[in-house]
Colleague: 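First the structure, which I've put down as structure tokens, then a few questions once you've had a look.
Throughout, a chain's letter reflects where its sequence line sits, starting with A, and its residues are numbered from 1.
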4 protein chains.
Amino acid sequence: MRPETIEQIFQSAVEVFAHSGFERAKMDEIARRAGVAKGTIYYHFKGKEELFVALMNDGMERIMDQLRRRMEVTEDPVHQLEGLLEGLVEYLYHNGTFAKLLISESWGSIERQHEFRARLRELVELIEDVLGRGGARGCFLPVKGHDTAVAIFGAASVAVLQDLFRDPDEKPAPEERIGEMADHLKQLIYKGVVASRSGK
Amino acid sequence: MRPETIEQIFQSAVEVFAHSGFERAKMDEIARRAGVAKGTIYYHFKGKEELFVALMNDGMERIMDQLRRRMEVTEDPVHQLEGLLEGLVEYLYHNGTFAKLLISESWGSIERQHEFRARLRELVELIEDVLGRGGARGCFLPVKGHDTAVAIFGAASVAVLQDLFRDPDEKPAPEERIGEMADHLKQLIYKGVVASRSGK
Amino acid sequence: MRPETIEQIFQSAVEVFAHSGFERAKMDEIARRAGVAKGTIYYHFKGKEELFVALMNDGMERIMDQLRRRMEVTEDPVHQLEGLLEGLVEYLYHNGTFAKLLISESWGSIERQHEFRARLRELVELIEDVLGRGGARGCFLPVKGHDTAVAIFGAASVAVLQDLFRDPDEKPAPEERIGEMADHLKQLIYKGVVASRSGK
Amino acid sequence: MRPETIEQIFQSAVEVFAHSGFERAKMDEIARRAGVAKGTIYYHFKGKEELFVALMNDGMERIMDQLRRRMEVTEDPVHQLEGLLEGLVEYLYHNGTFAKLLISESWGSIERQHEFRARLRELVELIEDVLGRGGARGCFLPVKGHDTAVAIFGAASVAVLQDLFRDPDEKPAPEERIGEMADHLKQLIYKGVVASRSGK
DNA sequence: TATGAATGAGCCTTCATTCAT
DNA sequence: AATGAATGAAGGCTCATTCAT
């Protein structure tokens, strides 16, 4: 009757998992913040693990949706990559919570972590595809797709995280930072850092 | 240099922390692998936290040493950046264990994580300095130092991790991959991905 | 006689209690098998305990009915005892479920268990009466009634249980086994095991 | 160093398990009675289940020892059976705790219960062997071994339990009752209940 | 009558840490 | 220096029961 309850648990879980990481997160805390009894969580989710995975899948779907939508507005791979970078930075910045989990819970051999990397690979493939299409059209250099795509993802996500977790008092307006960071990333990824290219 | 026992604990701790992450790592397991009694660890280290921090500091010192040594061989910022990238990839690849902890335990508000990010900032500053010097000399584009440096670090470390944690059966020879990956990163970071630059 | 819903709950409860014992039995499971919502059980029964007691009382009534009916067909205590043994074995064998609960939930100091033993005592008294009447008529040895009656009940019920819970693949036809076991019990209880009796 | 601790846990566990049954028994209570911290139990036993099984195995070993010793004093199967009955009644009476668990936790399909019945079968085989040897020598009637042996065990154990759990105020001296009950069982099992056998 | 979402006390188990030896 | 038995706080999960609909 009330999908409301599930939604509350979900919201609360995102916050708590993000704040504490999977291991330190306490079901008690999630329940408290959601304003439900502990048992209620277990009525809707099989356990901590399932709740977490449901959460991450949800997050991954959202980000993939956003990125795909960004890419549909143009056919030009260069613009598409631009959209990807902006979308990625924007989403991660607004869901720092999710960004943190994505980066910190993706490495390891636990089942959950396997599933995670699989999802992450989808995102990387999105980037890879753009690079591939652009390479075919001659508007991108012939880069080695996968490694480069992963590197681009790593650059964006770590940059966002580092920004989110710096001393809270010196943080500039988020919206401004998002634009700034996306620009810096675009510059790095589009042109690289080396100046003189004629002589090379 | 270090007494036998401590060294064994250290080695064992690296393995266990890397395999399980900080939270899942058990002091029991560390003691078992080190071949010492659990109490012995507490004789040498104040607790789990201290052991972990000591470990990470050690790791950070080693990587910083390696990177600094790489940079001393030349004065040319372009070559220095090359050395940095190679050194970073090489070290992280050989110490995947450390790479994983570095990336997954750096974000959060626990004391230990603060200390971590502080250390990481040192590494980023190393990159930033090179970019700065290169920019001053005109051999680098005038990039926004900090963001770009973080992005470069993120690109390298996530790329290495993704490689280390992919399906174990399709892994090529490590040494080969290290060269390859460093090359791909260098290309990305040096030239970017966009092809036509004539108009610029 | 009983309304549909209650009957379904009853049937389901018998199965679940028998399969899992009182403690391990879950109201959820009982409701599921009965095809009703969990709340429905609580609409008809005060709780788990009451449901269980109702069940056992029902079982005890049935078995007592069956045994009493068996005894009415003759006046001869020897034949009556025969009927008791056959009836007991037959009933327990066909209601292994009940047999198990009877034997395993009867010992302890919880209220429910007291009530149980009280019921069981009724059954034992039935046997005791037959032995008493037979002793008065001279067709039974002058045995100490209560102990012997309990022993007879124990012999029959444990024999049946042991048979019901042995490896499922080597089980012979139930009907056959019932006759067999009743015979063995009759022989034991009628003649005992010692051979030479002339010299005594 | 201190097998003392384990012994205390063992003793306490026997009491608690017997008083409450496996499911209702609380590790907290066992620890409290043993005078140790809860964790101490888990230092020595893997869990509740293992503790319980260890307990039961210990009990079974003790009873088998006692019964085997009883049987060694004579070669005559009739005397041996006498020893078995006396030993069984005596042991169960003195370890009502164990008797209860034996009878109430032996039926079911959980792993632990399988193991239990297996152990119980050993005991039954002891009886079966005596009956077999006696039958071969002609001092026992040619009874069907297994069923009869199970029935004898059931008779003895249920008789003891019924006695142990009757109203506490009307209990006679234990030692006296043990002798009495063993006698009643011997009479039942040796001669049966039917009086006139000449005419039959 | 019947439902099923919600509850929360209760329990088993884990594990970092201590300390007597 | 080293040991390992003992500790106990903490946390995930279960499940009988309630109640608004």
Side-chain angles (χ1 to χ4, degrees), chain A residues 1-6 8-9 23-31 34-51, chain B residues 3-6 9 22-32 34-52, chain C residues 3-6 9 22-32 34-52, chain D residues 1-6 8-9 23-31 34-51:
Chain A
M1 266 315 123
R2 288 190 239 166
E4 197 192 310
T5 307
I6 293 189
Q8 276 162 3
I9 294 173
E23 300 293 343
R24 295 184 89 89
K26 298 173 209 166
M27 296 301 268
D28 266 324
E29 170 83 2
I30 295 177
V36 301
K38 202 177 359 178
T40 307
I41 301 182
Y42 286 90
Y43 183 77
H44 293 287
F45 299 90
K46 223 171 178 180
K48 195 182 182 182
E49 187 95 16
E50 188 180 289
L51 177 56
Chain B
E4 185 72 2
T5 309
I6 293 190
I9 293 174
F22 180 79
E23 299 293 343
R24 294 184 90 89
K26 297 173 209 168
M27 297 299 269
D28 263 321
E29 170 89 1
I30 295 176
R32 200 178 55 70
V36 301
K38 207 173 3 172
T40 309
I41 300 182
Y42 285 87
Y43 183 79
H44 293 287
F45 298 90
K46 210 173 178 184
K48 194 182 183 182
E49 188 92 16
E50 189 181 289
L51 176 56
F52 180 76
Chain C
E4 185 71 3
T5 311
I6 293 190
I9 294 173
F22 180 80
E23 298 293 343
R24 293 184 90 89
K26 296 174 210 168
M27 297 299 269
D28 263 321
E29 169 89 1
I30 295 176
R32 200 178 54 70
V36 301
K38 209 177 355 177
T40 309
I41 300 182
Y42 285 88
Y43 183 78
H44 292 288
F45 298 90
K46 211 172 178 185
K48 193 182 183 182
E49 188 92 16
E50 189 182 288
L51 176 57
F52 181 75
Chain D
M1 268 312 124
R2 289 189 237 166
E4 196 192 310
T5 307
I6 293 189
Q8 276 162 2
I9 293 173
E23 300 292 345
R24 295 185 88 89
K26 298 172 210 168
M27 296 300 268
D28 265 323
E29 171 82 3
I30 295 177
V36 300
K38 204 174 359 176
T40 307
I41 301 182
Y42 287 88
Y43 184 76
H44 293 288
F45 299 90
K46 221 170 179 181
K48 195 181 182 182
E49 187 94 15
E50 187 180 289
L51 176 56

Colleague: Only counting residues at least two apart or in another chain, list the ones meeting side chain to side chain contact (heavy atoms under 4.5 Å, CB included) with Arg32(B).
Modeller: Glu29(B)
Colleague: Quickly work out the Glu50(B) CD to dA16(E) P distance and round it to whole Å.
Modeller: 15 Å
Colleague: I need the CD1-P distance between Ile30(A) and dG11(F), as an integer number of Å.
Modeller: 12 Å
Colleague: Please state the C1' separation for the pair dT1(E) and dT21(F) - nearest whole angstrom.
Modeller: 13 Å
Colleague: Please tell me if Thr5(C) has a side-chain N or O lying less than 4.0 Å from either OP1 or OP2 of dT1(E).
Modeller: no
Colleague: What does the 5'-to-3' dot-bracket notation of DNA chain E look like when only Watson-Crick and G-U wobble pairs under 3.5 Å count, and pairs to other strands show as |?
Modeller: .||||||||||||||||||||
Colleague: Produce the list of close N/O pairs, under 3.5 Å, pairing protein atoms with atoms of nucleotides 16-19 of chain F; give distances to one decimal.
Modeller:
residue, atom, partner, partner atom, Å
dA16(F), OP1, Ala25(C), O, 3.0
dA16(F), OP1, Lys48(C), NZ, 3.1
dA16(F), OP2, Met27(C), N, 2.9
dT17(F), OP2, Tyr42(C), OH, 3.0
dT17(F), OP2, Lys48(C), N, 2.9
dT17(F), O4, Lys38(C), NZ, 2.9

Colleague: Within the structure, does a side-chain N or O atom of Thr40(C) lie under 4.0 Å from either OP1 or OP2 of dT1(E)?
Modeller: no
Colleague: Could you check how far CD1 of Ile6(C) sits from C1' of dA2(E), rounded to whole Å?
Modeller: 12 Å
Colleague: Checking Tyr42(B) now: which residues fulfil side chain to side chain contact (heavy atoms under 4.5 Å, CB included) with it, not counting sequence neighbours?
Modeller: Met27(B)
Colleague: Starting at atom CD1 of Ile41(B), determine the distance to atom P of dA1(F), rounded to an integer number of angstrom.
Modeller: 16 Å
Colleague: What's the NE2-C1' distance between His44(D) and dT14(E), to the nearest Å?
Modeller: 16 Å
Colleague: Take the protein atom CD of Glu29(C) and the nucleotide atom P of dT14(F), then report the distance between them rounded to whole Å.
Modeller: 15 Å
Colleague: Quick one: ring pair (Phe, Tyr, Trp, His ring centres under 6.0 Å) partners of Phe45(B), sequence neighbours excluded?
Modeller: none
Colleague: Compare every heavy atom of Ile9(C) with every heavy atom of Ile41(C), then report the nearest pair and how far apart it is.
Modeller: CA-CD1, 4.0 Å
Colleague: Can you identify which nucleotide, out of dA6(F), dG8(E), dA6(E), has its nearest atom closest to the Ala37(A) side chain?
Modeller: dG8(E)
Colleague: With sequence neighbours excluded, tell me which residues meet salt bridge (Lys or Arg N to Asp or Glu O under 4.0 Å) with Glu50(A).
Modeller: none
Colleague: By the salt bridge (Lys or Arg N to Asp or Glu O under 4.0 Å) test, which pairs, at least two apart or in different chains, include something from residues 35-48 of chain B?
Modeller: Asp28(B)-Lys38(B)
Colleague: For Phe45(A) and dT14(F), give me the distance from atom CZ to atom P, rounded to whole Å.
Modeller: 15 Å
